[in-house]
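Worksheet: the structure to be examined is printed underneath.
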Amino acid sequence: MRIATIKAVAEAQLCTGCGLCSSMAPDRYRMADVLDHGRRPIPCSEVREDAIEQSMVQLCPGVNLSHDRSTWSSRFDPTVADAWGPVLEVWKGHAVDSRSRWEGSSGGIATAIAMHAVHGAAGGVLHIRSRRGEAWLNETVLSRTPEDVRAAAGSRYAPASPVDSIHLAKSAEHPVVFIGKPCDAAAVHALAQRDKAVADKVALTVAIFCAGTPTWRGTLEMLRAMGFDDPTAVESLRYRGHGWPGSAAARGKIDGQEVEVKFSYDESWNRILQKHRQWRCYICPDHTGEFADISVGDPWHEPPKEGAEGESLIVVRTERGARWLQSMRDSGLLNIVQVANTSIAASQPNLLGVRANVWGRILALRLGGAATPRFVALPSFKFWLSVLSLREKAQSIIGTLRRIGKKGLRRAAAMVPMHQNPSR
């Protein structure tokens, strides 16, 4: 399948849903919710192959991810770079503020960074929150107050396109902090190389470790399992938080009665949501935010007890990120200790396995005539050889060949925006 337009990227199921394209050319594309795919660019006008389209495709993280090690800090750790990208320092700990720690998905570090921003370190925070009036959907907001930040605390295990609203950062009076998924941070990183206004107005990028984005069908299946057949009856929805690993919780009306239903992390993510991850996530080499200044995730090598106070793993990837973290430490906002850089592998062994599988899956896509992304300096073959068993190696190829037919990866997938109330 030839990939010469953003429309073709989406139809080839290589789109990550970040929203970079619609931010670059809002007269050409708008982001919309597509039930079995996620947030996707829908053409607003006739699609044409020209210089603008070519530029968007080149920057699109769905089809192009490329590291330039010459731009990395001289302090990067070469012993972990192939697996985890630029790593300067790794820390573990939590926000000092107990509320931020409790409401966050792990140790509240992303919330603490956002709070530091709105308290004067930056002009605001561009991030995701539950959509006002439609709690089961997401929206991008530029938070400027602590109340706004708290309203957006916690991970959203559902489609979001924060880069679509990068214009809010560009028009802000002061530089802002950007928080998103690894692919979102990669999009902002790429855009900043071309757009000086983005480079000037983004003070810091923070990426949240990601095991893949479930489609809207995943959220709907979870809500139905909770008893909400009509998603518009949901008044609030969180996917994690209120302890570690935290529970998914939906509050709203069922049969006219106000209720709150909670699912454990295992019930929500392991049994439902992860089964609905968009295809592009299965062939993604970057699940830890290699293009961000700071990335944060769960230190799973220390399994939590349900409801325990959370801890976070913090990966510093740039000197700008190091300065930001040092400022927060100096201000007494974090309770963290530096740990070995190998702690990333210890806490996220499954993600190294995912990276290893990427090589076999890409090979299978090429053999099967399906579209593939282009990755530069994000090696996966060495891990395919060393990390996977012989059976897993074979499965990475054979399983993907089967998926080509099952998911229709050789033909253009229709991107049809869903009705706002898909209770079917």
Side-chain angles (χ1 to χ4, degrees), residues 17 33 35-39 101-108 110-111 127-131 134-139 151-160 180-182 208-254 258-279 281-282 284 287 296-300 302-313 347-348 350-351 354 418 422-424:
D33 299 303
L35 182 63
D36 285 313
H37 296 281
R39 294 281 291 171
R101 185 182 185 187
W102 176 253
E103 292 177 343
S105 293
S106 49
T111 302
H127 56 169
I128 296 300
R129 59 155 286 161
S130 177
R131 193 177 300 178
E134 296 171 297
W136 67 284
L137 298 171
N138 292 329
E139 66 179 353
S155 298
R156 304 289 299 171
Y157 287 5
K181 302 182 300 298
I208 311 298
F209 289 10
C210 176
T213 299
T215 67
W216 289 118
R217 191 176 291 279
T219 290
L220 290 172
E221 183 178 325
M222 182 184 75
L223 290 175
R224 290 184 185 124
M226 289 175 160
F228 292 95
D229 292 329
D230 179 2
T232 64
V234 176
E235 298 167 2
S236 69
L237 173 63
R238 73 168 188 269
Y239 292 82
R240 282 184 63 185
H242 292 207
W244 187 39
S247 58
R251 179 174 54 80
K253 291 183 178 179
I254 298 179
E258 190 80 19
V259 299
E260 183 177 51
V261 182
K262 295 182 180 181
F263 272 13
S264 68
Y265 180 73
D266 180 65
E267 291 172 315
S268 60
W269 173 256
N270 291 333
R271 300 186 189 182
I272 300 176
L273 293 170
Q274 62 90 16
K275 294 186 296 184
H276 294 277
R277 287 171 291 174
Q278 60 186 10
W279 167 246
C281 297
Y282 285 86
C284 180
H287 291 266
V296 295
D298 293 279
W300 290 124
E302 298 176 355
K305 295 180 180 179
E306 183 62 45
E309 291 187 301
E311 297 288 330
S312 294
L313 201 68
S347 66
Q348 302 287 337
N350 59 313
L351 294 187
V354 170
M418 69 184 182
S423 53
R424 60 181 184 273

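Hydrogens, waters and symmetry mates play no part in the numbers below; they use all other heavy atoms, side chains included.
In this structure, OH in Y282 is found 4.0 Å from CZ in R277, a value given to the nearest 0.5 Å. Atoms CZ and CZ, from F228 and R251 in turn, are 9.5 Å apart once rounded to the nearest 0.5 Å. Separating the NZ atom in K181 from the CD1 atom in I128 is a distance of 6.5 Å, to the nearest 0.5 Å. In this structure, the separation between OG on S268 and CE on M226 is 7.0 Å, given to the nearest 0.5 Å. With rounding to the nearest 0.5 Å, the separation of CG in L273 from CD in E221 is 8.5 Å. Rounded to the nearest 0.5 angstrom, N270 CG and K275 NZ are separated by 10.5 Å.
Counting heavy atoms from C-beta on, the side chains of L220 and W136 come closer than 4.5 Å. Looking at L237 and M222, their side chains come closer than 4.5 Å, going by heavy atoms from C-beta outward. Residues I272 and Y157 have side chains not in contact (no heavy-atom distance under 4.5 Å, counting atoms from C-beta outward). Inter-residue side-chain proximity for E309 and P304 is flagged as unmet; no heavy-atom pair is nearer than 4.5 Å. Proximity of V354 to H287: side-chain heavy atoms (C-beta onward) are separated by under 4.5 Å at one or more points.
The two residues E311 and W244 have their closest heavy-atom pair at N-CE3, 3.6 Å. The two residues F209 and D298 have their closest heavy-atom pair at CD2-N, 4.4 Å. The shortest heavy-atom contact between S155 and S105 is N-OG, 2.8 Å. Of all heavy-atom pairs spanning I208 and A110, the tightest one is CD1-CB, 4.0 Å. Closest approach of R39 and A160 over heavy atoms only: CG-N, 3.7 Å. For the residue pair Y265 and P245, the shortest heavy atom distance occurs at CB-CG, 3.9 Å.
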Do E103 and R238 pass the side-chain contact (heavy atoms from CB on, under 4.5 Å) test, and can you show the C-alpha distance, the side-chain angles, and the key distance before you say yes or no? CA-CA 10 Å; E103 292 177 343; R238 73 168 188 269; over 6 Å; no

Please determine whether side-chain contact (heavy atoms from CB on, under 4.5 Å) holds for the pair E267 and K262, giving the CA-CA distance in whole Å, both sets of side-chain angles, and the decisive distance to 0.1 Å. CA-CA 9 Å; E267 291 172 315; K262 295 182 180 181; over 6 Å; no

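S130 contributes a side-chain N or O that, together with a main-chain N or O of A135, makes up a donor-acceptor pair within less than 3.5 Å. Side chain of N138 to backbone of P159: a donor-acceptor contact under 3.5 angstrom is found. Not one N or O on the side chain of R129 forms a donor-acceptor pair closer than 3.5 Å with the backbone of E139. With R131 contributing its side chain and L137 its backbone, the two residues share no donor-acceptor pair below 3.5 Å.
Side-chain atoms of D266 and S264 include no donor-acceptor pair closer than 3.5 Å. Under 3.5 Å, the side chains of Y239 and T219 contain a donor-acceptor pair of N or O atoms.
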